[in-house]
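Quick notes on the structure that follows.
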Amino acid sequence: MEYKYHEIEAKWQKIWKDKQIYKIEIDKDRPKYYVLDMFPYPSGAGLHVGHPLGYIASDIFSRYKRQKGFNVLHPMGYDAFGLPAEQYAIQTGQHPAVTTEKNVNRYREQLDKLGFSYDWSREFRTCDPDYYKWTQWTFIQLFNSYYDKKADKAQPITELIARFEQSGTENVDAASTEPLTFTAEEWKAMDEKTQQQTLMNYRLAYLADTWVNWCAGLGTVLANDEVVNGLSVRGGFPVERKLMKQWILRVSAYAERLLAGLEKVEWTDSLKEIQRNWIGRSEGAAIWFPLSTDDEYNWKRIYMGGNYDGVKDEVAFEIFTTRPDTIFGVTFMVLCPEHEMIGQITTPGQKEEVEAYVTWAKNRSERDRQAEVKKVSGVFTGAYAINPITEERIPIWVSDYVLSDYGTGAIMAVPAHDSRDFAFARHFNLPIRQVVAPNPNDLSDPDTWTESMDSKTGYMVNSGFINGMTVKDGGKAIIERVKEQSIGYGTVNYRLRDAIFSRQRYWGEPFPIYYKDGMPYPIPEEELPIQLPAVSEFKPTETGEPPLARAENWTYKGYPMEYNTMPGFAGSSGYYLRYMDPHNDKEYFSKEANEYWRNVDLYVGGAEHATGHLIYSRFWNKFLHDIGLSCEEEPFKKLINQGMIQGRTNFVYRIVGSNKYVSLGLKDQYDVTPIRVDVNIVRNDVLDTEAFKKWMPDFADAEFILEDGQYICGWEVEKMSKSKYNVQNPDDLVEKYGADTLRMYEMFLGPIEMAKPWDTNGIEGVFRFIKKFWRLFHDKDFNWCVSDEEPTREEYKILHKTIKKIEEDNEKFSFNTAVSAFMICTNELGDAKCNKRKILEPLCILMSAYAPHITEELWSMLGHPDSIVDAAYPVHDESYLQESDFTYPVSFNGKMRVKLSFPITYTQKEIEPILLDNADVQKWLDGKQPKKIIVVPKRIINIVF
RNA sequence: GCCGAAGUGGUGGAAUGGUAGACACGAGGGACUUAAAAUCCCUUGCCCAUUGCGGGCGUGUGGGUUCAAGUCCCACCUUCGGUACCA
C-alpha cells in the first residue's frame with residue numbers, strides 16, 4: 001500500500017477517540033508524570049503555526065514518558081475569559097460566551113488534526129461556572145487570610161482577630177499595608193466597620209485606594225506586567241495613573257518565598273533571572289529623619305508611623321536606603337509628590353510653588369513621565385530635616401524622581417554617589433559631598449564625579465566614626481548605630497508590588513462579594529459559584545461604572561454586589577491543579593488526586609509569561625500550600641520556553657511607476673518598491689506568477705522580469721501577522737503533507753527554546769523522509785514486505801545507536817537532533833535494504849512519539865492488536881556500540897597522515913594526554929604491535945608499546 | 001544604563017575540550033521517463049591544485065590557557081530578550 005497519510009491519520013484519530021486511548025486515571029502502581037502546556041486563549045484567528053510548536057514538543061515527551069512506564073497526565077483546556085471576546089461583544093452585541101464557544105470549537109478541530117495525546121475528558125474552560133467556582137472560592141480564602149511573618153505562612157484571619165482581642169498588635173508580625181499599633185482594649189472599642197477597615201490592612205485579598213494604571217482606551221485598570229512603556233500591552237492605548245478603590249492581592253508578602261523557591265525549580269537561568277529582577281530584592285536600612293523644629297515655624301507634631309521607637313512626639317520621615325554607609329554624604333532629602341506629609345511641612349512662603357508642582361506631577365500621564373525621565377524637576381518645601389547621625393540640618397525637597405510605591409516614598413539624597421541625586425543637586429545647586437574614595441588618601445574633586453565612578457567598593461572618607469572603613473563595613477556600622485539609638489534598622493525591600501485584582505470588565509469572574517455599610521463581605525462558600533449575570537450591554541455605564549452595574553438584581557440578600565470582575569490571570573493561576581480532578585463538585589480537587597499528581601513535572605510555554613502568569617501561579621500555589629490544599633510548594637518543577645515563531649515575509653519588487661515586477665537577483669538594476677506578497681503563493685521563494693495575478697485585482701495584468709525562467713522573491717523576518725501576509729496556519733500544511741510530517745518538521749526546525757522564523761522551505765525534506773520510512777516496510781510496488789530474518793550485527797548496531805541517541809535527545813528536549821537521527825537511521829537501513837521485523841519494530845516505537853499516526857498504522861500491520869502508545873520503550877544494548885573497527889586518521893608533527901585500522905575500546909578515563917611523536921608512529925608503522933592504544937572517540941591520545 | 005541569551009556555509013542548523021559544518025533545504029550535474037511528477041546517484045565552506053596525490057585559510061573581533069578551543073578565560077563589537085528615576 002502507498003503512504004496515504006490522509007486516510008491513515010483520520011483512521012487512527014477516530015480509533016484513539018473511540019477507544020479513549022488517552023484517558024488516564026490515578027494508578028498508584030505506576031510513577032506519575034505531569035506534562036502541561038500553557039493553555040491557549042481561543043482567539044478568533046484560530047491556531048497559527050507557532051502555537052503547536054510547544055504542544056508538539058510536550059506531546060512527544062508525554063508519549064515518550066508513557067512508553068517508559070510512567071502514568072502521564074497530559075491535559076488541555078482554554079483560558080477563555082479575556083479582552084478580545086469582550087471587545088468584539090461591545091462592537092457587535094454578540095455575547096462573549098457565544099464567540100468563545102465558536103473559537104474553542106475551531107481550536108479543538110485544529111488540535112485534533114495534529115494527533116495530540118491529550119486526555120480530553122479533563123478539559124475545562126476558565127469561563128465554566130464549575131471551574132470559576134474554585135477561582136472565587138480561592139479568592140474568599142485569600143480574603144479570609146493574613147500573612148504571619150513569624151510562621152512565614154498564611155493563617156486564617158480569625159486567628160489574627162483572636163490575637164487582637166487578646167493583646168492588640170503586640171506580638172503580631174503580619175504583612176500589612178500600613179503599620180498599625182493598638183491595644184486589645186482599643187480593638188474591642190472599635191465598631192464593626194472600623195474593625196473591618198482594620199482587618200483590611202492585613203487580608204491577603206484586600207480592598208484599598210491605590211494608584212493604578214488606568215487605561216481609558218480599554219476602560220479598565222491594568223497590572224504592571226500588562227503595561228509596557230506607558231502603553232497597554234493589548235491595544236497599545238496610553239495608560240495614566242489614577243487613584244481608585246481596588247481589590248489587591250498581597251503578593252508582596254510572598255516576595256521572599258517566591259525568590260527562594262527559584263532555587264528549587266529547573267527553569268532556564270534567564271527566566272529565573274527575569275523573575276529575580278522583577279521581585280527585585282534590595283538589602284539596606286530604614287532610617288528615620290526627624291523634622292527640624294528649631295525654626296521660626298510652629299510645627300504641628302506628627303508621628304510618621306512605622307515601628308518607630310524614637311522620641312514619639314517628633315515628626316520623622318522614614319527613608320529606605322541600600323547605602324546606609326553614605327549617610328555622611330546626605331545633603332538633602334526628597335519626598336515623592338504623593339507624600340501625605342507635604343502639606344503639613346511646607347512653609348507658608350513655599351506653599352504656592354509646592355502645591356503647583358504637586359498638582360502638575362500627579363496629573364502627568366505615565367507616558368509623559370517616562371518620556372521625560374532625564375528631565376530634572378522639583379521644588380523646595382522650605383522645611384528642614386535632621387540627619388540623625390550627623391545632626392546636620394538638611395533641606396527637604398519634593399520631586400517626582402522619587403516614587404510613591406517603592407520604599408517609603410522618601411529618600412536621603414547622596415549626590416556624590418547616586419546619579420539621580422547628583423543630577424538633582426547640580427540642577428538646583430545643592431552641595432555635593434564625597435564620602436567614598438577608592439583609596440582613603442585620594443580624594444578626587446566631587447566636580448569630576450561621573451556615573452562611572454564606582455562607589456560600591458572603596459573606603460569611607462569625610463564620614464566621622466566610619467572613616468577609613470570599607471563601604472561594606474561602614475554600612476554595617478551605621479545599621480548597628482541606628483539600631484542602638486532606635487532610629488532605624490536593617491531591612492529588605494522588594495520591587496514586587498501587590499497585584500491589583502479588579503478589572504472594570506464584563507467578561508471575567510465575578511467577585512463573590514457583597515457590600516454592607518460600605519464594607520465588603522464574602523458570600524458563603526456553599527452559594528458558589530456566583531454566576532456571571534446577563535447584561536443589556538457590555539460597555540461601561542454612562543456614569544463610568546463597570547458593565548456589571550447594568551445587571552438586574554445584582555444583589556445578595558438586598559445588598560449590592562461587587563461590580564468589578566477578576567483579571568485574566570485569576571483563572572490561569574490555579575488551573576493546573578484542577579486538571580488533577582476536574583469534575584469534582586465538592587472540592588477544588590481531592591486530596592488523593594493532589595497527593596498522587598502533586599505538581600507539574602514539565603511545563604511548556606512562552607517566556608513572555610515570566611512576570612505575569614508564572615509569578616501569580618507560584619503565589620497562588622504557595623497560598624494553597626499554606627492552607628493545606630496543594631502538597632507541593634512549587635507548581636512547575638521543570639519549565640521549558642518554546643521560542644516565538646516569527647513570520648518570514650516574502651517580497652516582490654515593483655518597478656516604480658509600472659505594473660512590472662522584477663526578480664530578486666535583478667532588482668538592483670531598477671528603481672523598485674518592495675511589496676509584501678502572500679507566502680501561500682510562494683514556494684521555496686519562487687513566486688507562482690499565475691496565483692499572484694489572481695491574488696488581488698491590482699496585479700491581474702502584472703508583468704514579470706524573470707531570472708532563469710523563475711520569479712525569485714526576497715524575504716525578511718518579521719512578526720507573524722495577517723497584515724504582513726506571512727501567516728501560515730497548520731491546516732493547509734496538514735492537508736498538503738499530513739500531521740506526522742508537520743509534527744516532525746516543526747521539531748526539525750531548530751532547538752525548541754530558540755526564536756526562529758517559520759519557513760516551509762525544508763518541509764519537503766521531512767516529507768521525503770517519512771515516505772522513505774514507509775518504504776522500509778514495503779517493496780517497490782508498495783507490497784507489505786517485512787521479514788522475520790535475524791538481523792546482522794551491522795543492522796543491530798544501527799538500531800541500538802539510534803535507540804541510545806533518541807533517548808538522550810528526548811531527555812535533553814533536543815527534538816531537532818532526534819529527527820536527524822531518525823533520518824540517518826532510515827537512510828542507513830534503506831542502504832542496507834534492511835526490512836527485518838526485529839529492527840523495524842523497535843524503531844516504530846521510538847518514532848511513535850514524533851509521528852504517531854504512521855507508526856500506529858505500521859504497528860498494527862506488524863500484527864499488534866494494541867496501540868503503540870503503551871508499547872514498552874526499547875532498551876539499547878551497549879555491546880553493539882562499544883566495538884569499532886573504523887579507520888582513524890592520525891596526524892603528527894611530521895606532517896604525515898596515516899590511516900590505521902584497529903578495534904578500539906573507549907577508555908577515556910585513564911588518559912594522560914600525550915602528543916604522539918614521530919618515533920611512536922614510526923615504530924607502529926615498522927610493524928611493532930602496541931600494547932595499549934588510548935583513544936577518545938575519533939582521536940588517538942597515546943600509544944603504549 | 002543594568003541584567004540575561006546568542007553570533008558557525010547561500011539557508012535552517014549539528015558538534016561530552018578531540019577529523020568543524022552532522023542532518024536537511026537550496027543549487028549544480030547525472031540516471032529513469034515520450035514528457036512531467038515521483039524516485040535514485042554524484043558534487044556542494046572558501047582559495048590554490050585538479051593528470052592523481054594534495055596544500056592553505058576558515059566558527060563576530062583581538063588576546064590568552066591547552067598536545068588540542070566553535071567550546072574554557074580576559075577585553076571588545078553586533079544582534080535579540082527582560083527591565084528601568086526601584087533610592
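Sequence lines set the chain letters: A, B, ... in the order given, protein chains first and strands last, and positions in each chain run from 1.
A:R497 pairs by the salt bridge (Lys or Arg N to Asp or Glu O under 4.0 Å) definition with A:D405, not counting sequence neighbours. Judged as a salt bridge (Lys or Arg N to Asp or Glu O under 4.0 Å), and not counting sequence neighbours, A:R768 has no contacts.
Figure legend. B:G81 is base-paired to B:C3; pairs are counted as Watson-Crick or G-U wobble with both atom distances under 3.5 Å.
Under a 4.0 Å N-O distance rule, the pair A:K272/A:E263 does not qualify as a salt bridge.
The separation between A:W267 atom CH2 and B:G4 atom C1' is 16 Å, rounded to whole Å. Between A:I274 atom CD1 and B:G4 atom P the separation is 11 Å, expressed in whole Å. One can place CE of A:M333 at 17 Å from P of B:A87, the figure rounded to the nearest angstrom. Rounded to an integer number of Å, the gap from A:D405 CG to B:A84 C1' is 14 Å. One can place CG of A:L335 at 18 Å from P of B:A87, the figure rounded to the nearest angstrom.
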Polar atom pairs (N or O), protein with nucleotides 7-15 of chain B, under 3.5 Å:
from	atom 1	to	atom 2	distance (Å)
B:G12	O2'	A:L749	O	2.7
B:G13	O3'	A:N816	ND2	3.4
B:A14	OP1	A:N816	ND2	2.9

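Across the P atoms, B:C73 and B:C25 are found 36 Å apart, a figure rounded to whole Å.
Taking every side-chain heavy atom of A:E273 into account, B:C3 is the closest of B:C3, B:C86, B:A24. Among the nucleotides B:A24, B:A87, B:C41, the one closest to the side chain of A:M823 is B:A24. Here the side chain of A:K772 is nearest to one of B:C40, B:G4, B:C86, namely B:C40.
Residue A:R768 places no side-chain atom within donor-acceptor reach of the base of B:C40, judged by atom type and a 3.5 Å distance cut-off alone.
Heavy atoms of A:L403 sit under 4.0 angstrom from at least one base atom.
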